[in-house]
Amino acid sequence: PVVLVHGYGGGRASWLPLERRLLSEGFRHVHTHTYDVLTSSVPDIARALVARCVAAAAEAGTERVDVVGHSLGGVVLRCAVARFGLASHV
């Protein structure tokens with residue numbers, strides 16, 4: 001599975017072109033992790049990302065996921081890997 005994490009001010013729509021391309025190339029499990037940066041801290045978003053990735057992996061029947069982060073999404077991804085255990089799932 002692939003999990004896409006948008007940047008500050010982004011949302012699911014930011015990823016639609018890539019999501020469509022991944023699906024057309026045969027990726028069956030493409031997920032977008034969304035959040036509201038105005039109401040959540042980076043650590044809170046990172047914790048939620050870990051849960052999202054674990055759920056995506058379980059849904060696909062695997063232990064690992066590929067995660068793509070853009071801008072603040074990359075910061076969130078790094079926080080999730082370094083502080084909240086995502087490293088064992090990517």
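The figures that follow rest on heavy atoms only: side chains count, while hydrogens, waters and symmetry mates do not.
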Taking the side chain as every heavy atom from C-beta outward, state whether R21 and F27 have any pair of such atoms under 4.5 Å apart. no
**Side-chain touch H33/H6, heavy atoms, less than 4.5 angstrom** = no
Sorted by chain and number, sequence neighbours left out, salt bridge (charged side-chain N to carboxylate O under 4.0 Å, His left out) with D44 holds for R47
Inset, instruction - Report yes if some heavy atom in the side chain of V75 is under 4.5 Å from a heavy atom in the side chain of L77; otherwise report no. - result: no
Q) Does some side-chain heavy atom of E19 sit less than 4.5 Å from a side-chain heavy atom of L22? A) no
Determine, stepwise, if the pair L72 / V37 fulfils side chain to side chain contact (heavy atoms under 4.5 Å, CB included). CA-CA 9 Å; L72 181 59; V37 72; 3.5 Å; yes
Residues R83 and P43: closest non-hydrogen pair is NH1-CG, 3.8 Å
All heavy atoms of P17 vs all of S14, minimum pair found to be CD-O, 4.1 Å
| task | Answer with yes or no whether the hydrophobic clustering places L86 together with V42; edges join I, L, V, M, F, W, Y residues whose side-chain heavy atoms lie under 4.5 Å apart. | result | yes
Close side-chain approach of D66 to P1, heavy-atom, < 4.5 Å
no
* Do I45 and V65 belong to the same hydrophobic cluster, where Ile, Leu, Val, Met, Phe, Trp and Tyr are linked whenever their side-chain heavy atoms lie under 4.5 Å apart, directly or via other members? -> yes
For Y8 and Y35 the tightest heavy-atom approach is N-OH, 4.1 Å
On a heavy-atom basis, the closest approach of R64 and A87 is NH1-O, 3.8 Å
- prompt: Do V67 and F84 belong together in a cluster built from hydrophobic side chains that touch within less than 4.5 Å?
  reply: yes
### Sub-4.5 Å side-chain heavy-atom contact between H31 and R52
yes
Could you walk me through whether H89 and E63 pass the side chain to side chain contact (heavy atoms under 4.5 Å, CB included) test, one step at a time?
CA-CA 6 Å; H89 299 284; E63 295 180 9; 5.5 Å; no
Q) Is there a side-chain contact between L49 and V5 (heavy atoms, below 4.5 Å)? A) yes
Looking at side-chain heavy atoms only, is the closest gap between L18 and L4 below 4.5 Å?
yes
Query - In one Ile/Leu/Val/Met/Phe/Trp/Tyr side-chain cluster, 4.5 Å: V76, V54 - result: yes
